[in-house]
Amino acid sequence: MDQTKQGQRRPMEQFMSTRMIRVGALVSLASVASGQTITSIGVLPGDTISKAWALSTNGATVVGLSRTASTNGTAVRWSGNVLSSLGYLGTGTNSEAQGVSPNGLIVSGYANDNVNGNMAFKWASPGPMIALTAAPSFLQQNAATGIDATGSKLVGTYNVIAGLGVYPRAALWTGSGLTTLSAQAGSIASVASRITPDGQYIVGDFGPGVGFLGNNYNPIARVWTNPTTWFTVGTLAGGTWSTGVAISDDGQVVSGTGDNGVASQRAYRWTSAGIEDLGVLPNTQPLTGWSRTHAMTPDGLVIVGAGSMDMTLSNRAAMISSGAGLQNLNDYLPTVGVNLAGWSLWETTGVSADGTVLCGNGAFLGQERGWIVRDIPSVCAPKLYENSSAPAEFCAGGFGFLSVTALAAHPSVSLHYQWYKKVGHTLIPIFNGWTGGGSFIGGAQSPFMTFNPGYADVAGNYFCIVSGGCTDTASPIWSVTVHTGLPIPGPNPLPLSICPPGGGGWTVTGQVPANGPYSYQWYFESPVNSNNWLPLVNGPSVLSFGVAGGIVSGANTPAFQIVAAPSMTLKAAHSTRYICRVSNTCGYTDSAPGELKICIGDTNCDGMVEDGDFVDFATAYAIFDCEDPNMPPGCPADMNGDGYVDDADFVLFSSAYDSFACP
């Protein structure tokens, strides 16, 4: 195999040329699940390094190896938060687990028995490890990498010396022994990577030799339907080689790695419709990054593996595919609640059938460790985006809707929608058409459900189930509120009589609890008795009335108040009628007007405009300009707020003085 393709195969100590493709993880999720964790699978006593090479489809079991930096290692099985040794063959001291059955109870790999060499093994709980049939070769460099659901069929490779090198041969082990899978004439090597749970399909690759001496393996991905029959997956556009790494349970989707004539390596996904280049991770340098496949969900929707933003291994990262492209797990997992403090994730090597569990390899605080992430939102289910819909509120007989935005795990997947109404503990599927209460529902099997018209019978709690993937996704529960009429404001504001340095106001609310929520806006009448209403603005009264002297508060709340500003008094313009406009979805209703009567001229607030107030007014009248330092603070005699105590103010004062008693 040439240098480029060798880079995408994991070298194994003392395991010559046996190709072990490992696929990383590809993830894209929307909502946050509870209890998300990343866990190191640990190491056996005395070891310092662990690797996670495969995950059972039920997500409960990880297999791989534990070793030191200078030893070959021991096959291990992690389950129930416990890492266990699977032992060795004979007197050997070297083993590695590379495949696991869907239920996690059967493990495959290789082990050196110190007699024959590296032998493929099968381990069935509770053990022990047993050797599979030896290869028809002088060399025994064998490994079993894939297992069917029952453990009756295992696939992998053995090695032979041929021509100018040592080359792998695709192997199938059954109760009858070892069968070499046929390869096309002219092929110098073949590899079997995985087998479907029913044992009907085997994915791998074979191909001719290339190069000056014709001894570099040039693989092309294939699928065997029996030991002598296969079909070719092919290569990416512009590419010359591809590897077959993973296969869906139904045998209709294949994933692996290949070149595209430009990039060194690209993860791909194949169906009968064609082969798809999955591209590279975000922020990858142009023409430098790569991606590799290590595993795939049983439905073939999501592919996991590794990728790099440049040509180096130092920048590699665990990756996962999504409807929006490849994602870097180091960036993605924190968004769904996984704390990656201390972790650097290098590759993803397994994904559970429901997409909620991933495994792979990386470093924790600088120590190489296999890892498992559990209880994340499913990577192969439809992704729902937050805030897809707000609670629907509308007036009886009006239009309302609920909507959901979803993205499939792969663009080829069609999503299906069904809305439900939740009544107590009962879930009622919604269908299009007229209801008994006069409402008409549309889009009940779509992302956009409408009520047009909608009446009180459609009020309640709804959610949407989106299907299309390894499992369904349910939206949050959203409420539909149907308002039954216009607001009814109350209580009616009563007349208020105040002196200029004082203040007053009212509280008006909507009186039908089921009719809210409400919004509020207070208005004042200008000029008086004109029925022309202007909105009030919070803050200095000049903002609303054009006249200073007062402070307005609560203009957009049920409780409104206007009071004299510090060292100032309310003016004649503030003495008018006020209303509150109460609004809901159906419209608005104005309250009855409340009249604010300001006793102009009663500067001492004794309830009368009498001689003492006259003396105060006369003094101010003589000074004239409110800016004069001799003017009493607040210029209380400036009744119209124009900045002067003049004849216009005298007319107002005279009228109040003649009336004597405040209104």
Side-chain angles (χ1 to χ4, degrees), residues 390-398 400 455-456 459 479-566 568-600 602 605 607 641 662-663:
E393 296 184 28
F394 52 92
C395 189
Y455 290 94
S479 64
V480 171
T481 302
V482 180
H483 300 283
T484 56
L486 296 173
I488 301 176
N492 291 333
L494 298 175
L496 290 176
S497 181
I498 60 174
C499 64
W506 300 273
T507 297
V508 171
T509 62
Q511 297 297 297
V512 182
N515 220 12
Y518 306 110
S519 61
Y520 300 87
Q521 175 63 58
W522 286 85
Y523 293 80
F524 70 98
E525 187 182 37
S526 178
V528 176
N529 297 323
S530 67
N531 209 33
N532 182 57
W533 302 94
L534 301 177
L536 285 159
V537 178
N538 291 326
S541 62
V542 68
L543 299 176
S544 302
F545 297 87
V547 174
I551 299 292
V552 173
S553 62
N556 308 111
T557 73
F560 155 75
Q561 191 173 44
I562 183 170
V563 299
M568 299 187 75
T569 60
L570 295 175
K571 307 302 180 182
H574 304 139
S575 185
T576 185
R577 296 194 302 170
Y578 297 78
I579 61 172
C580 181
R581 178 164 292 175
V582 184
S583 303
N584 67 6
T585 305
C586 296
Y588 66 86
T589 304
D590 292 336
S591 70
E595 186 175 4
L596 183 65
K597 299 178 180 180
I598 301 174
C599 190
I600 298 299
D602 184 16
C605 284
C662 289

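Because only heavy atoms are used, hydrogens play no part in the values below, and waters and symmetry mates are left out as well, while side chains stay in.
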Novice: Quick one: do Leu543 and Val552 satisfy side chain to side chain contact (heavy atoms under 4.5 Å, CB included)? Show the steps, please.
Specialist: CA-CA 9 Å; Leu543 299 176; Val552 173; over 6 Å; no
Novice: Using side-chain contact (heavy atoms from CB on, under 4.5 Å) as the criterion, list what pairs up with Ser553, not counting sequence neighbours.
Specialist: Gln561
Novice: Would you say Phe394 and Val480 make side-chain contact, with heavy atoms under 4.5 Å?
Specialist: yes
Novice: Give a yes or no on whether the backbone of Thr576 and the side-chain of Asn529 come within a donor-acceptor separation of less than 3.5 Å.
Specialist: no
Novice: Are side-chain heavy atoms of Val582 and Thr509 found at a separation under 4.5 Å?
Specialist: no
Novice: Hey, what do you get for SG (Cys580) to OH (Tyr588), rounding to the nearest 0.5 Å?
Specialist: 13.0 Å
Novice: Check whether any side-chain heavy atom of Leu570 sits under 4.5 Å from a side-chain heavy atom of Ile562, and report yes or no.
Specialist: yes
Novice: Are any side-chain N or O atoms of Ser575 and backbone N or O atoms of Ala572, one a donor and one an acceptor, separated by less than 3.5 Å?
Specialist: no
Novice: Are the side chain of Asp590 and the backbone N or O of Ile579 linked by a donor-acceptor pair below 3.5 Å?
Specialist: no
Novice: For Asn556, check side-chain hydrogen bond (donor to acceptor under 3.5 Å, both in side chains) against everything at least two apart and list the hits.
Specialist: Gln521
Novice: Measure across Pro493 and Ala592 and return the closest heavy-atom pair with its distance rounded to 0.1 Å.
Specialist: CD-O, 3.1 Å
Novice: Check for a donor-acceptor pair, side chain of Asn584 on one end and backbone N or O of Asn515 on the other, with a separation under 3.5 Å.
Specialist: yes
Novice: Given side chains that start at C-beta, do those of Leu596 and Ile498 come closer than 4.5 Å, heavy atoms only?
Specialist: yes
Novice: With a 4.5 Å cut-off on side-chain heavy atoms, are Leu494 and Asn492 touching?
Specialist: no
Novice: Centre-to-centre under 6.0 Å for Trp522 and Phe560, is that the case here?
Specialist: yes
Novice: List in chain and number order the residues that pass salt bridge (charged side-chain N to carboxylate O under 4.0 Å, His left out) with Glu393, two or more places apart in sequence or in another chain; answer none if no residue qualifies.
Specialist: none
Novice: For a quick test of reading the model, state the closest non-hydrogen atom pair linking Arg577 to Trp533 and the distance between them.
Specialist: O-CZ3, 3.4 Å
Novice: Side-chain contact test, heavy atoms from C-beta onward, threshold under 4.5 Å: evaluate it for Val508 versus Pro558 and give yes or no.
Specialist: no
Novice: I'd like to know if the side chain of Ser544 and the backbone of Val537 have a donor-acceptor N/O pair within less than 3.5 Å.
Specialist: yes
Novice: Applying side-chain hydrogen bond (donor to acceptor under 3.5 Å, both in side chains), can you list everything that pairs with Ser591, at least two apart in sequence or on another chain?
Specialist: none
Novice: Once side-chain contact (heavy atoms from CB on, under 4.5 Å) is applied, do any residues pair with Ala559, and if so which ones, sequence neighbours excluded?
Specialist: Thr507, Thr557
Novice: According to ring pair (Phe, Tyr, Trp, His ring centres under 6.0 Å), does anything in residues 480-520 pair up with another residue at least two apart or in another chain? List the pairs.
Specialist: Trp506-Tyr578
Novice: Of all the heavy-atom pairs spanning Met568 and Ala548, show the shortest one and how long it is.
Specialist: CE-CB, 4.1 Å
Novice: State, yes or no, whether a side-chain contact exists between Gln511 and Pro489 at a heavy-atom distance under 4.5 Å.
Specialist: no
Novice: Can you give me the closest heavy-atom contact between Pro487 and Gly587, atom names plus distance?
Specialist: CD-O, 3.9 Å
Novice: What heavy-atom pair brings Leu486 and Cys586 nearest, and what distance separates the two atoms?
Specialist: CD2-O, 3.3 Å
